[in-house]
Q: 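Encoded as structure tokens, here's the structure I'll be asking about.
Quick note on labels: first sequence line is chain A, next is B, and so on, each numbered from 1.
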Amino acid sequence: MSIRVRFAPSPTGALHIGGARTALYNWLLARGSDGTLVLRIEDTDRERSTPENVEQILDALRWLELDWDEGPISQSDRADRHREEIARLVAEDKAYLDDGAVRLRVPEGQTTVEDVIRGTVTFENETIDDFVIARSDGSPLYNLAVAVDDRDMEITHVVRGDDHLSNTPRQLMVIEALGIDRLPIYAHLPLMHGPDGKKLSKRHGAASVQELREAGYLPEAVRNYIALLGWGYDAESTFFTTEELIERFSLERVSRSPAVFDEQKLRWMNGRYLRELDGAELTRRVESFTGRTGLGPAVEISREKMQTLSEFWPMAGFFVEAQPYDERAWAKVMKDGAVERLGLARAALAELASFEPEPIEAALRAVVEQTEVKPRKVFQPVRLAISGTTISPGIFESLAVLGRDTALERIDATLARAKDS
RNA sequence: GGCCCCGUCGUCUAGUGGUUAGGACGCAGGGUUUUCAUCCCUGUAACGCGAGUUCGAUUCUCGCCGGGGCUACCA
């Protein structure tokens, strides 16, 4: 029998990386076994669930390229089905009315959860009160709905956050009361914490998938990174293609302890993914991210300097339009004869037969020889002139991409400004 | 408070009844170098504490401590 898993987010907010990881693991399980992934929206709390949040979650999943086979199914749409079971439980006296709400009768004894990740976890039933399965307005509650839906949807593996472990015995009791004879296999993933060790929240920086996207991360890098938050294949491997992830992922190797999201490491990994992309693809992504076109040559010479897509524009925006001078950079560079050297560089560049990186380099190095200074004394004024700052892609390549006319124009503007001041 | 889960470098992790406790990020230093990066090299740093079992515990058991979750007519 092939596996059927579900990702069942509650649409009470954005999808953060903890939820994204749960979705990923479920997806890997389904894709790795010719199984089925059901997307179910757990919106039995109408007060806190919004259509906007649902859409946001779907967007996040699509961006991460995690597709689903069934759904999205809105749990609230199945309320009639849930009510039917609640009525049956009441009729069978397994649940009872309490001031209009319906409570399940918690039986005597113990309830044991067999968890792939946690092992056997036993709860004494006496520590669990008769819990509410329907509000007094008749609307079904989570613990009831989950049990019914997982059964109706024939879910074989329930893979979810550890915060659900304590509720699992309640769901098991509902399942028992309902007379369901087949139990899903449970796997409770360790929670994700913020850098302060607390439960992940908006305060912990780029915690939502949407924020990661806006920060310029690549979906494949995010997938690889979060896969490693709570799972490891061996002692050495860090980079996994999606195919490798699908092939190698297993619940048995999921760790039990909570993980902390470390954006530094994601940045590093994202940079590695960025540099692996071929020129056309990287350009496509940068253009899509910045909303600009014609970026190809600039992207090509900037690639090894970027960790995220968002770093392109601050560093290479000058290729598209002149940037204001960074005054600190100006003060640092435009002194001790920099103006003269810039003038010499300008003249050398103007005479070039071919405005390509190699001849440009030869010309500028000739100026270095001539003036008997360190190379940077010549290059930095030129860099400042064309980019407005001291940081840019390689100066020879930058000049070539910018083109002679624009380059000379900007150098002239810089010389004029230096003269005025 | 009660119940449950968790505890290896700062972070993500590998690992074993006997290992120089491995890798990665970060950080520090060095190399390459036109800036910033990339890249390469070196270094830094961990088994929470206390008992018990054992010839020997990071590893097994118990206790403690610490962190987290649940305990809702939230999910």
Q: Please report, rounded to the nearest Å, how far the P atom of B:rG68 is from the CD1 atom of A:Ile117.
A: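 So the two atoms are 21 Å apart, to the nearest Å.
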
Q: Suppose we define a pair by two distances each less than 3.5 Å, Watson-Crick or G-U wobble; what does B:rU53 pair with here?
A: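 Because no pair has both required distances under 3.5 Å, B:rU53 counts as unpaired.
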
Q: Rounding to the closest angstrom, what is the interatomic distance between B:rC62 and B:rG69 at atom C1'?
A: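 Here B:rC62 and B:rG69 have their C1' atoms 24 Å from each other.
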
Q: Is there a side-chain contact between A:Ser255 and the phosphate of B:rU13, meaning an N or O under 4.0 Å from OP1 or OP2?
A: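 For B:rU13, OP1/OP2 do have a side-chain N/O of A:Ser255 under 4.0 Å.
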
Q: Going through the distances and angles, do A:Tyr217 and A:Tyr273 end up as a ring pair (Phe, Tyr, Trp, His ring centres under 6.0 Å)?
A: CA-CA 10 Å; A:Tyr217 292 104; A:Tyr273 268 88; over 10 Å; no

Q: How far does the P atom of B:rC9 sit from the matching atom of B:rC47, given to the nearest Å?
A: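 Comparing P positions in B:rC9 and B:rC47 gives a spacing of 7 Å.
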
Q: NA contact type, A:Ala101, heavy-atom cut-off 4.0 Å: base, sugar-phosphate, or nothing?
A: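 Contact class for A:Ala101: base.
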
Q: What is the base-pairing partner of B:rG48, counting Watson-Crick and G-U wobble geometry with both distances under 3.5 Å?
A: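 Across any shown strand, B:rG48 pairs with B:rC64.
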
Q: Do A:His164 and A:Tyr142 make the cut of ring centroids closer than 6.0 angstrom?
A: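 Yes, the ring of A:His164 comes within the 6.0 Å limit of the ring of A:Tyr142, centre to centre.
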
Q: Is it true that atom CD of A:Glu327 has more than 12 heavy atoms of other residues, nucleotides or ligands lying nearer than 6.0 Å?
A: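 It does: A:Glu327 CD has more than 12 such atoms within range.
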
Q: Do the side chain of A:Ser166 and the base of B:rC3 come within less than 3.5 angstrom through a donor-acceptor pair of N or O atoms?
A: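 Not at all, since no donor on one side and acceptor on the other fall under 3.5 Å apart.
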
Q: Below 4.0 angstrom from OP1 or OP2 of B:rC70, is there any side-chain N or O of A:Arg170?
A: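 Checking A:Arg170 against B:rC70: no side-chain N or O falls below 4.0 Å of OP1 or OP2.
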
Q: Given B:rU38, B:rG68, B:rU34, identify the nucleotide with an atom nearest to the side chain of A:Leu191.
A: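 Of B:rU38, B:rG68, B:rU34, B:rG68 is nearest to the side chain of A:Leu191.
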
Q: Among A:Thr168, A:Asn167, A:Asn26, whose side-chain hydrogen bond (donor to acceptor under 3.5 Å, both in side chains) with A:Arg160 holds?
A: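 Among the candidates, only A:Thr168 passes.
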
Q: Using Watson-Crick or G-U wobble geometry with both distances under 3.5 Å, which nucleotide pairs with B:rC25?
A: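 Check on B:rC25: paired to B:rG10, both distances under 3.5 Å.
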
Q: Rounded off to whole Å, could you give me the CZ-to-P distance for the A:Arg160 and B:rC5 pair?
A: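 Roughly 16 Å, once rounded to whole Å.
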
Q: Figure out the CG/P separation between A:Asn53 and B:rC74, and round it to whole Å.
A: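 Distance, rounded to whole Å: 18 Å.
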
Q: Mind checking who B:rC39 pairs with, Watson-Crick or G-U wobble, both distances under 3.5 Å?
A: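 By the stated definition (distances under 3.5 Å), B:rG31 pairs with B:rC39.
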
Q: In whole angstroms, how far is the C1' atom of B:rG23 from the CZ atom of A:Arg272?
A: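 The distance from CZ of A:Arg272 to C1' of B:rG23 comes to 13 Å, rounded to the nearest Å.
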
Q: Suppose we define a pair by two distances each less than 3.5 Å, Watson-Crick or G-U wobble; what does B:rC70 pair with here?
A: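 Paired with B:rG2.
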
Q: Considering only side-chain heavy atoms of A:Arg103, which listed nucleotide, B:rC73, B:rC74, B:rG69, is closest?
A: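 Nearest nucleotide to the side chain: B:rC73.
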
Q: Of the candidate nucleotides B:rG23, B:rA37, B:rU34, which contains the atom at the shortest distance from the side chain of A:Phe379?
A: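 Out of B:rG23, B:rA37, B:rU34, the nucleotide with an atom closest to A:Phe379's side chain is B:rU34.
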
Q: With a 4.0 Å cut-off on heavy atoms, is A:Gly230 in touch with a base, just the backbone sugar-phosphate, or nothing at all?
A: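 The answer is sugar-phosphate, as A:Gly230 gets under 4.0 Å only of primed atoms, P, OP1 or OP2.
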
Q: Just wondering, are more than 12 heavy atoms of other shown residues or ligands nearer than 6.0 Å to CD in A:Glu281?
A: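 Count over threshold, so yes.
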
Q: Which is true for A:Pro393 with a 4.0 Å heavy-atom rule: it touches a base, it touches only sugar-phosphate, or it touches nothing?
A: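 Result for A:Pro393 = base.
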
Q: Indicate whether OP1 or OP2 belonging to B:rG15 is found under 4.0 Å from a side-chain N or O atom of A:Arg253.
A: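 So the side-chain polar atoms of A:Arg253 do come within 4.0 Å of the phosphate oxygens OP1 or OP2 of B:rG15, strictly under.
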
Q: Let me know the distance between CD of A:Glu236 and P of B:rU13, rounded to the nearest Å.
A: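 Distance check: A:Glu236 CD to B:rU13 P gives 16 Å.
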
Q: Give a yes or no on whether a donor-acceptor pair under 3.5 Å exists between the nucleobase atoms of B:rA75, that is its base, and the side chain of A:Asp43.
A: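 Per atom types, no contact qualifies.
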
Q: Under 4.0 Å between any heavy atoms, over every strand shown, what does A:Ser257 touch: base, sugar-phosphate, or nothing? Just pick one.
A: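 Since only primed, P, OP1 and OP2 atoms lie under 4.0 Å of A:Ser257, the category is sugar-phosphate.
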
Q: According to a strict under-4.0 Å criterion, is A:Arg303 in side-chain N/O contact with OP1 or OP2 of B:rU38?
A: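 For B:rU38, OP1/OP2 do not have a side-chain N/O of A:Arg303 under 4.0 Å.
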
Q: Give a yes or no on whether a donor-acceptor pair under 3.5 Å exists between the nucleobase atoms of B:rU34, that is its base, and the side chain of A:Arg383.
A: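 Answer yes: a donor N or O sits under 3.5 Å from an acceptor.
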
Q: Select one nucleotide: of B:rU38, B:rU35, B:rC4, the one nearest the side-chain heavy atoms of A:Gln380.
A: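 Side chain of A:Gln380 sits closest to B:rU35.
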
Q: Find the distance A:Phe123:CZ to B:rG69:C1' and express it as a whole number of Å.
A: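 A:Phe123 atom CZ is separated from B:rG69 atom C1' by 10 Å.
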
Q: Nearest to the side chain of A:Leu228, heavy atoms from C-beta on, is which of B:rC12, B:rA37, B:rA14?
A: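 For A:Leu228, the side-chain atoms sit closest to B:rC12.
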
Q: Taking the same atom, P, in B:rA21 and in B:rA45, what whole-Å distance lies between them?
A: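 Here B:rA21 and B:rA45 have their P atoms 13 Å from each other.
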
Q: From the list B:rA75, B:rG10, B:rC73, which nucleotide is the closest neighbour of the side chain of A:Arg48?
A: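 Output: B:rA75.
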
Q: Just checking, A:Arg248 and A:Tyr233: is the charged tip under 6.0 Å from the six-membered ring centre and within 45° of the axis?
A: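 Relative to the ring axis of A:Tyr233, which defines the angle, A:Arg248 lies inside both limits.
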
Q: For B:rA75, give its Watson-Crick or G-U wobble partner with both distances under 3.5 Å, or none.
A: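 Matched B:rA75 with nothing under the 3.5 Å cut-off.
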
Q: Are any side-chain N or O atoms of A:Arg404 and backbone N or O atoms of A:Ala350, one a donor and one an acceptor, separated by less than 3.5 Å?
A: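 Between the backbone of A:Ala350 and the side chain of A:Arg404 there is a qualifying donor-acceptor contact (under 3.5 Å).
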
Q: Of all the choices, B:rC73, B:rU34, B:rA24, which nucleotide is nearest to the side chain of A:Val132 once you look at every atom?
A: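 Comparing B:rC73, B:rU34, B:rA24 against the side chain of A:Val132, the answer is B:rC73.
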
Q: Measuring only the C1' atom in each nucleotide, how far is B:rU61 from B:rC25? A whole number of Å is fine.
A: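 Each nucleotide's C1' atom is 36 Å from the other's.
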
Q: Between A:Arg256 and A:Arg365, name the one whose nearest nucleotide on RNA chain B is closer to the 5' end.
A: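 Taking each residue's closest nucleotide, the earlier one in sequence belongs to A:Arg256.
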
Q: Using the P atom as the point on both nucleotides, what is the distance between B:rG67 and B:rG26, in whole Å?
A: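 Those two atoms are separated by 30 Å.
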
Q: Regarding A:Tyr225, tell me which of base, sugar-phosphate or nothing describes its non-hydrogen contacts under 4.0 Å with the strands shown.
A: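 Here A:Tyr225 touches no strand at all.
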
Q: Among B:rC74, B:rC3, B:rU35, which nucleotide has an atom closest to any side-chain atom of A:Thr127?
A: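 Nearest to the side-chain atoms of A:Thr127, counting from C-beta on, is B:rC3.
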
Q: Any idea which of B:rU11, B:rA75, B:rC5 is nearest the A:Arg118 side chain?
A: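 Nucleotide nearest to A:Arg118's side chain: B:rC5.
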
Q: Give the rounded distance in Å between these two atoms: CZ of A:Phe239 and C1' of B:rA24.
A: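 Atom-to-atom, A:Phe239 to B:rA24, this comes out as 9 Å.
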
Q: Measure the distance from CZ on A:Phe240 to C1' on B:rA24 and round it to the nearest whole Å.
A: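 In whole Å, B:rA24 C1' and A:Phe240 CZ are 11 Å from each other.
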
Q: Using heavy-atom distances to pick each residue's nearest nucleotide on RNA chain B, tell me which of A:Ser10 and A:Ile395 is more 5'.
A: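 That would be A:Ile395.
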
Q: Which value, in whole Å, describes the distance between the P atoms of nucleotides B:rG43 and B:rA24?
A: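 Here B:rG43 and B:rA24 have their P atoms 12 Å from each other.
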
Q: Kindly indicate, with the supporting measurements, whether the criterion salt bridge (charged side-chain N to carboxylate O under 4.0 Å, His left out) is fulfilled by A:Glu276 and A:Arg272.
A: CA-CA 6 Å; A:Glu276 287 296 312; A:Arg272 293 283 296 260; 5.7 Å; no

Q: Hey, does A:Thr44 reach any base, or is it just sugar-phosphate, or nothing, if we go heavy atoms under 4.0 Å?
A: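 Sugar-phosphate, no base atom in range.
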
Q: Kindly indicate, with the supporting measurements, whether the criterion ring pair (Phe, Tyr, Trp, His ring centres under 6.0 Å) is fulfilled by A:Trp231 and A:Phe240.
A: CA-CA 12 Å; A:Trp231 173 82; A:Phe240 298 89; 5.5 Å; yes

Q: Say we look at B:rU59 and B:rU16: how far apart would their P atoms be, to the nearest angstrom?
A: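 Roughly 13 Å separates the two P atoms.
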
Q: Expressed as a whole number of Å, how far does the C1' atom of B:rC6 sit from that of B:rC74?
A: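 Result for the C1' pair: 24 Å, nearest Å.
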
Q: Take A:Phe249 and A:Tyr25 through the test ring pair (Phe, Tyr, Trp, His ring centres under 6.0 Å) and record every step on the way to the result.
A: CA-CA 8 Å; A:Phe249 180 79; A:Tyr25 285 5; 4.6 Å; yes

Q: Closest to the A:Arg275 side chain: B:rU38, B:rA75, B:rU11?
A: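 Within the option list, the nearest is B:rU38.
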
